[in-house]
Engineer: 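Structure below; questions to follow.
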Amino acid sequence: MWGLVLAAIGVGILAWASGLTIDVGLALIVLLAVAGAALLVGSLVSAARHSRSTASTPRG
């Protein structure tokens, strides 16, 4: 996750260096929202995989 955040910051720095105007506050809000959503989706996918593997394993 942190790699994606750092990559997005790097892209923002490159865009700023090329002359684009960036609203830093809005960019940080969007970055945190996307990172939070990615963490939530990853957690849900992991939980779904775990429950599916637990349900298919016979108890005995």
Side-chain angles (χ1 to χ4, degrees):
M1 175 54 55
W2 287 109
L4 293 175
V5 170
L6 289 175
I9 291 171
V11 168
I13 289 171
L14 288 175
W16 174 74
S18 69
L20 289 175
T21 303
I22 298 174
D23 182 359
V24 177
L26 180 61
L28 287 176
I29 290 170
V30 170
L31 181 63
L32 288 174
V34 169
L39 286 171
L40 180 64
V41 168
S43 175
L44 292 174
V45 168
S46 176
R49 284 183 185 170
H50 179 71
S51 69
R52 196 175 323 140
S53 68
T54 303
S56 65
T57 305
R59 295 182 184 178

Engineer: If hydrophobic clusters are built from ILVMFWY residues whose side chains come within less than 4.5 Å, do Leu26 and Ile9 share one?
Structural biologist: no
Engineer: Can you sort out the partners of Val45 under side chain to side chain contact (heavy atoms under 4.5 Å, CB included), two or more places apart, ordered by chain and number?
Structural biologist: Val41, Arg49
Engineer: Pair up each side-chain donor or acceptor in residues 13-20 with any protein partner under 3.5 Å, not counting sequence neighbours, and list the distances.
Structural biologist:
| from | atom 1 | to | atom 2 | distance (Å) |
| --- | --- | --- | --- | --- |
| Ser18 | OG | Leu14 | O | 3.4 |
| Ser18 | OG | Ala15 | O | 2.8 |

Engineer: Please enumerate all residues that pass side chain to side chain contact (heavy atoms under 4.5 Å, CB included) together with Leu4, with sequence neighbours excluded.
Structural biologist: none
Engineer: What is the minimum heavy-atom distance between Val5 and Ala35, and which atoms define it?
Structural biologist: CG2-CB, 4.2 Å
